[in-house]
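Just below is one structure, and these are the notes that go with it.
Convention: sequence-line order gives letters A, B, ...; per-chain numbering from 1.
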Amino acid sequence: MEGKFNLPSKSTFKPRILSGVAQFVVKPEQARYTLKYDHVRGSLEMKMTDDIVCLLYKSDAAQDVKKMEKFITNLMRHMASSEEH
Amino acid sequence: MVLLETDQFLSRLTLMFDKARTKGHVAVTMKRYDGRTQPPPRTNPRPKPKKGQAPPKKKEAVRPELPPQGEYLCLLRAKLHHEKISSVIPSRDINKFQMAYCNLLRSNIDGLKRQKKVKTKKNTTD
């Protein structure tokens with residue numbers, strides 16, 4: 001495994017969305033998305049990995065929840081579609 | 001890991017988020033699922049035994065190839081402490097599930113910082 005899992009992200013959300021969906025398109029069988037929410041700490045962590053590349057986005061801003069919803073909607077449609085990527 | 005129906009999964013997930021308000025975190029994983037319940041059969045043949053060694057016993061039957069999967073599903077897993085639940089969503093239920101799932105996330109992820117609106121002072125030049 002070459003992914004670096006604990007690197008805090010410094011990039012903005014938009015490139016993460018694009019690269020996250022792109023990662024799924026490249027390796028749809030391995031790609032998975034994890035959402036981790038800690039209410040006590042007030043932190044939200046989103047991770048997308050295919051065992052080779054790992055994208056991580058950490059946030060504590062409420063405005064990112066809406067963006068995350070859009071991302072999930074998009075990704076779930078890709079996952080359940082019968083089209084071969 | 002308990003496999004639940006979508007409605008049950010959502011209600012259990014809501015309970016998980018409630019429990020996590022005092023301690024711990026909820027992790028929800030999402031991935032594509034092709035409906036297989038066993039791994040794909042091995043393609044490489046087994047290596048031949050060397051001279052002097054006894055041939056391997058023919059115990060294992062050759063597994064038949066799995067039928068091709070036409071429809072893809074979406075597999076969701078959720079974890080809080082040691083409690084794990086999962087659900088499989090077919091493509092026909094995706095729209096309905098998405099709306100319910102997004103509502104659930106919006107109502108339960110409410111411990112994040114709200115952005116303060118910066119009031120811009122009007123330039124009052126006399």
Side-chain angles (χ1 to χ4, degrees), chain A residues 5 12-13 17 20-85, chain B residues 6 13 16-36 39-40 68-81 87-117:
Chain A
F5 288 97
T12 54
F13 195 86
I17 289 180
V21 174
Q23 194 180 19
F24 175 76
V25 170
V26 172
K27 272 190 163 185
E29 303 305 324
Q30 276 87 25
R32 59 192 177 275
Y33 166 80
T34 305
L35 156 77
K36 203 184 277 185
Y37 173 63
D38 196 324
H39 187 82
V40 181
R41 289 183 187 170
S43 70
L44 184 69
E45 189 181 305
M46 288 164 264
K47 190 174 90 172
M48 182 100 200
T49 180
D50 60 358
D51 291 338
I52 295 168
V53 181
C54 179
L55 306 170
L56 189 67
Y57 183 79
K58 284 180 183 174
S59 175
D60 59 353
Q63 60 190 357
D64 281 337
V65 177
K66 276 189 181 178
K67 293 174 188 172
M68 183 193 67
E69 278 174 26
K70 282 185 185 175
F71 176 67
I72 288 176
T73 308
N74 195 355
L75 191 67
M76 213 182 260
R77 276 174 205 272
H78 275 91
M79 283 182 174
S81 75
S82 56
E83 288 175 20
E84 291 287 338
H85 295 287
Chain B
T6 49
L13 188 61
M16 276 185 172
F17 273 110
D18 280 344
K19 280 183 194 171
R21 279 178 184 271
T22 48
K23 192 186 173 187
H25 62 259
V26 182
V28 187
T29 306
M30 190 167 76
K31 70 178 289 187
R32 175 180 264 191
Y33 180 49
D34 57 4
R36 288 169 191 252
Q69 300 292 326
E71 190 190 2
Y72 285 105
L73 311 155
C74 189
L75 174 66
L76 270 105
R77 296 184 179 121
K79 184 177 174 262
L80 168 69
H81 304 309
S87 182
V88 173
I89 297 112
S91 55
R92 63 177 181 276
D93 294 343
I94 279 289
N95 284 338
K96 187 184 155 194
F97 180 81
Q98 260 173 12
M99 288 172 69
Y101 182 58
C102 287
N103 282 334
L104 189 152
L105 290 182
R106 212 178 302 149
S107 56
N108 285 294
I109 302 180
D110 54 357
L112 304 177
K113 288 177 190 169
R114 300 223 169 260
Q115 194 183 21
K116 288 177 184 174
K117 287 180 182 175

**Item:** Least distance between heavy atoms, I94(B) atom then A80(A) atom
**Value:** CG1-CB, 3.5 Å
**Fill in**
Applying a strict 4.5 Å limit to non-hydrogen atoms, the region of R41(A) in contact with chain B is neither
**Message:** So which atom in C74(B) and which in M79(A) form the shortest heavy-atom distance, rounded to 0.1 Å?
**Reply:** SG-SD, 4.0 Å
**Message:** Using heavy-atom distances under 4.5 Å, tell me whether Y33(B) contacts chain A through its side chain, its backbone, both, or neither.
**Reply:** neither
**Prompt:** Among D38(A), L44(A), D60(A), V40(A), which has the most heavy-atom pairs under 4.5 Å with chain B?
**Reply:** D60(A)
**Item:** Note: R21(B)-D110(B) ion pair, threshold 4.0 Å (strictly below)
**Value:** yes
**Message:** What part of K23(B) gets within 4.5 angstrom of chain A, counting heavy atoms only: side chain, backbone, both, or neither?
**Reply:** backbone
**Request:** Please answer whether the main-chain N or O of E29(A) pairs with a side-chain N or O of R32(B) as donor and acceptor at a distance below 3.5 Å.
**Result:** no
**Item:** Y37(A) and N108(B), any side-chain heavy atoms less than 4.5 Å apart
**Value:** no
**Message:** Please classify the contact between L73(B) and chain A as side chain, backbone, both or neither, with a heavy-atom cut-off of under 4.5 Å.
**Reply:** backbone
